[in-house]
S.K.: 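Have a look at this one before I ask anything.
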Amino acid sequence: MPAGVITAHEFDRLVAGDAATALEAGVRAVPASTYRWLEARCFGGDGDAPWIRPARWRGRPALQLTSHAGIVQAADGVRIEVLPKVGKAIAGGDASARRLLVAMLRCLPGFRHVRAGSAEQLALRMPLPEVFIAGFLDGVRGIVKRGLRSDYRQCVGNLPALRGKLLLGEQLRRNRLHPDRFFTAHDEFSSDRAENRLLHAALRRVLAQSSSRENQRLARELAFVFAEVPPSTAPAMDFARVQRDRGMAHYADALAWARLILEGCSPLPSGGAHAAPSLLFPMAALFEAYVARHLPAQLPALLHLAVQARSEHLVRHAQAQWFRLQPDLLLKQGTAARMVLDTKWKLLDSRSGSAARGYGLAEADFYQLHAYGHAYLRGVGEMALVYPMTDAFAAPLEFTFPHNPGLRLWALPFCLESARLHLPDALLPQLLQAG
């Protein structure tokens with residue numbers, strides 16, 4: 001039976017115990033074998049894993065997840081679904097957080113095959129691993145409806161009847177005492193090709209891993225269609241043989257999912273002797289990609305968005321530039337910079353009474369933006385720190401610099417649901433007037 005899925009959030013603590021045991025908010029119990037495997041990730045291999053770190057909880061050893069979301073599969077088969085922390089601060093809880101994560105993943109080049117709408121709806125009722133499996137099965141079902149792609153391949157064998165070309169040398173060597181046999185080479189129209197072998201192997205993996213009855217049923221039905229195709233035993237070699245001509249375009253999505261299932265496709269591969277499939281994403285980078293993907297739709301025609309500008313440095317020494325200044329996003333009008341933006345995957349609280357605690361803003365971020373403003377805007381212009389929008393942070397915050405009145409800094413909420421940045425009404429027209 002496939003192991004279950006444990007749901008946690010960024011920065012939750014994990015302790016060894018019965019996974020069904022209810023603990024306080026932000027603490028999850030995992031089986032002892034899973035905990036030992038996770039502990040090895042912290043202290044083994046080539047270095048500390050960036051997605052988990054040692055911690056304490058009520059005086060006992062614990063492990064703490066960091067700012068990564070996705071799926072971890074331990075060596076004992078237990079899967080941990082790590083959801084974005086916004087799930088604790090938005091309506092809809094885990095289901096909404098899972099759906100938002102799927103929507104954000106579509107901004108990454110390797111996940112363009114995640115279909116909008118269908119995957120997000122599945123995320124409302126399925127754990128993240130099952131959402132990915134359902135996406136793969138939907139892609140394979142589309143291929144089956146059109147028919148498996150077959151091709152001619154050369155077969156060589158010692159047959160009881162003459163078929164194709166007789167290989168005279170082998171015939172004399174092998175069948176001198178067997179005149180009823182023919183050693184031949186012939187072409188055979190077969191569905192045994194790299195693409196189908198990979199899909200069959202992925203279907204078998206899904207059958208072993210899925211705990212959803214719906215996914216299990218569909219996987220069994222589809223595997224029956226591949227009964228005459230041997231599953232791939234060397235996925236890396238078969239992926240290298242995949243043909244990408246126009247006639248194979250309908251295989252693209254399913255093969256992208258198959259690569260995810262068979263290879264893990266993790267941006268953070270586990271090291272050491274306890275390696276296991278994981279699919280984790282640094283949420284700071286994912287949030288930046290999400291904002292960069294959707295912000296251009298809000299901009300007037302004269303403004304365009306540049307990602308990861310790299311043209312400026314902090315200091316010059318001995319005729320060399322030192323310490324590159326690289327803001328996440330830069331609004332430009334032609335070649336002129338109009339606004340500097342930096343995305344921050346952090347939950348703010350701008351409600352009444354939070355000002356004394358700084359709303360959760362980091363002083364270092366202000367110094368960073370101040371440096372960007374001087375380098376890219378020449379000390380005059382607009383800057384912004386972009387944060388996820390929640391009920392506790394739903395309106396822009398304005399900041400000025402007493403010793404540099406030409407610069408203004410905003411803390412802006414980005415709505416993950418609508419994929420829109422909440423800008424002050426007059427800000428974009430002001431940027432255009434500055435030109």
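Quick caveat: nothing in here was measured; it's all calculated off a predicted structure.
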S.K.: Identify the two heavy atoms, one from L137 and one from L222, that lie closest to each other, and give their separation to 0.1 Å.
M.R.: O-CD1, 3.7 Å
S.K.: Counting N and O atoms only, with roles assigned by atom type, does the side chain of R149 sit under 3.5 Å from a partner on the main chain of G247, one being a donor and the other an acceptor?
M.R.: yes
S.K.: Can you tell me how far apart CD (Q321) and OG (S311) are? Round to the nearest 0.5 Å.
M.R.: 10.0 Å
S.K.: What's the shortest heavy-atom distance between A394 and H422, and which atoms?
M.R.: O-ND1, 4.2 Å
S.K.: Can you tell me if E81 and T7 form a side-chain donor-acceptor pair at under 3.5 Å?
M.R.: yes
S.K.: CG/L159 to CG/N175 distance, rounded to the nearest 0.5 angstrom?
M.R.: 10.0 Å
S.K.: With heavy-atom distances below 4.5 Å as the criterion, would you say the side chains of L38 and W51 are in contact?
M.R.: yes
S.K.: Parallel, tilted or perpendicular, judged at 30° and 60°: which one describes the rings of F132 and W257?
M.R.: tilted
S.K.: Mark yes when over 12 heavy atoms from residues, nucleotides or ligands other than E24 sit less than 6.0 Å from its CD; otherwise mark no.
M.R.: yes
S.K.: Less than 3.5 Å apart, any donor N or O on the side chain of Q326 or R310 sitting next to an acceptor on the other?
M.R.: yes
S.K.: Could you check if a side-chain atom of Q216 sits within less than 4.5 angstrom of a side-chain atom of R220, using non-hydrogen atoms only?
M.R.: yes
S.K.: Just how far is it from atom CG of L341 to atom CG of L305, taken to the nearest 0.5 Å?
M.R.: 7.5 Å
S.K.: Establish, from distance only, whether the side-chain atoms of E10 and T66 form a donor-acceptor pair under 3.5 Å.
M.R.: no
S.K.: Identify the heavy atoms of S191 and V229 that sit nearest to each other, and give their distance.
M.R.: OG-CG2, 3.4 Å
S.K.: Are side-chain heavy atoms of V30 and V15 found at a separation under 4.5 Å?
M.R.: no
S.K.: Hey, mind stepping through R338 and Q333 against side chain to side chain donor-acceptor pair (under 3.5 Å) and telling me if it holds?
M.R.: CA-CA 7 Å; R338 294 288 177 244; Q333 184 177 3; 3.0 Å; yes
S.K.: Kindly give the heavy-atom pair with the smallest separation between D342 and Y372, and that separation in Å.
M.R.: OD1-CE1, 3.9 Å
S.K.: Test your reading of the model: is there a side-chain donor-acceptor pair from R420 to the backbone of A297, 3.5 Å cut-off?
M.R.: no
S.K.: Checking M383 against W410 for the side chain to side chain contact (heavy atoms under 4.5 Å, CB included) test, could you report, in this order, the C-alpha distance in whole Å, the side-chain angles of both residues, the deciding distance, and whether it holds?
M.R.: CA-CA 6 Å; M383 305 171 297; W410 298 89; over 6 Å; no
S.K.: Do you know the tightest heavy-atom contact between P127 and V5?
M.R.: CB-CG1, 3.9 Å
S.K.: Given side chains that start at C-beta, do those of Y251 and N196 come closer than 4.5 Å, heavy atoms only?
M.R.: yes
S.K.: For Q73 and R79, indicate whether the former's side chain and the latter's backbone hold a donor-acceptor pair under 3.5 Å.
M.R.: no
S.K.: Can any side-chain N or O of S350 pair as donor or acceptor with the backbone N or O of A392 at less than 3.5 Å?
M.R.: yes
S.K.: Go through the structure and list residues passing salt bridge (Lys or Arg N to Asp or Glu O under 4.0 Å) with E228, not counting sequence neighbours.
M.R.: none
S.K.: Decide whether S232 and D238 meet the rule of one side-chain donor and one side-chain acceptor closer than 3.5 Å.
M.R.: yes
S.K.: Would you check, one step at a time, whether the test salt bridge (Lys or Arg N to Asp or Glu O under 4.0 Å) holds for R98 with E130?
M.R.: CA-CA 11 Å; R98 191 180 296 118; E130 300 296 344; over 6 Å; no
S.K.: Evaluate L286 against L101 for side chain to side chain contact (heavy atoms under 4.5 Å, CB included), listing each step before the verdict.
M.R.: CA-CA 9 Å; L286 189 55; L101 178 58; 3.6 Å; yes
S.K.: Are the side chains of V225 and L148 in touch, meaning some heavy atoms are under 4.5 Å apart?
M.R.: yes
S.K.: Counting only N and O atoms by type, is there a donor-acceptor contact under 3.5 Å from the side chain of D349 to the main-chain atoms of Y359?
M.R.: no
S.K.: With no hydrogens and no angle check, just 3.5 Å: does a side-chain donor-acceptor pair link H178 and N158?
M.R.: no
S.K.: Measure the CD-CZ distance between Q171 and F183 for me, rounded to the nearest 0.5 Å.
M.R.: 9.0 Å
S.K.: Side chain of D12, backbone of H9: donor and acceptor closer than 3.5 Å?
M.R.: yes
S.K.: Quick one: CG on L128 to CG on D94, what's the gap to the nearest 0.5 Å?
M.R.: 11.5 Å
S.K.: Would you confirm whether K346, through its side chain, and Y387, through its main-chain N or O, come within 3.5 Å as a donor-acceptor pair?
M.R.: no
S.K.: Go through the side-chain N and O atoms of W345 and E288 and say whether any donor and acceptor fall under 3.5 Å apart.
M.R.: no
S.K.: Could you check whether any side-chain N or O of E39 sits under 3.5 Å from a backbone N or O of P54, counting only pairs where one atom can act as donor and the other as acceptor?
M.R.: no
S.K.: Between H200 and F226 (side chain of the first, backbone of the second, donor and acceptor by atom type, cut-off under 3.5 Å), is there such a pair?
M.R.: yes
S.K.: Quick one: closest heavy-atom pair of A97 and I90, and the distance?
M.R.: N-CD1, 4.4 Å
S.K.: Tell me, please, which residues at least two apart from E382 pass salt bridge (Lys or Arg N to Asp or Glu O under 4.0 Å).
M.R.: R408
S.K.: Looking at CZ of R60 and CZ of R13, how far apart are the two atoms once the value is rounded to the nearest 0.5 Å?
M.R.: 12.5 Å
S.K.: Measuring only between side-chain heavy atoms, which start at C-beta, is D365 closer than 4.5 Å to K344?
M.R.: yes
S.K.: Do the non-hydrogen side-chain atoms of D76 and R36 ever get within less than 4.5 Å of each other?
M.R.: no
S.K.: Less than 6.0 Å separating the ring centroids of H294 and Y290?
M.R.: yes
S.K.: Indicate yes or no for a side-chain donor-acceptor contact from R259 to the backbone of A254 under 3.5 Å, with no hydrogens or angles considered.
M.R.: no
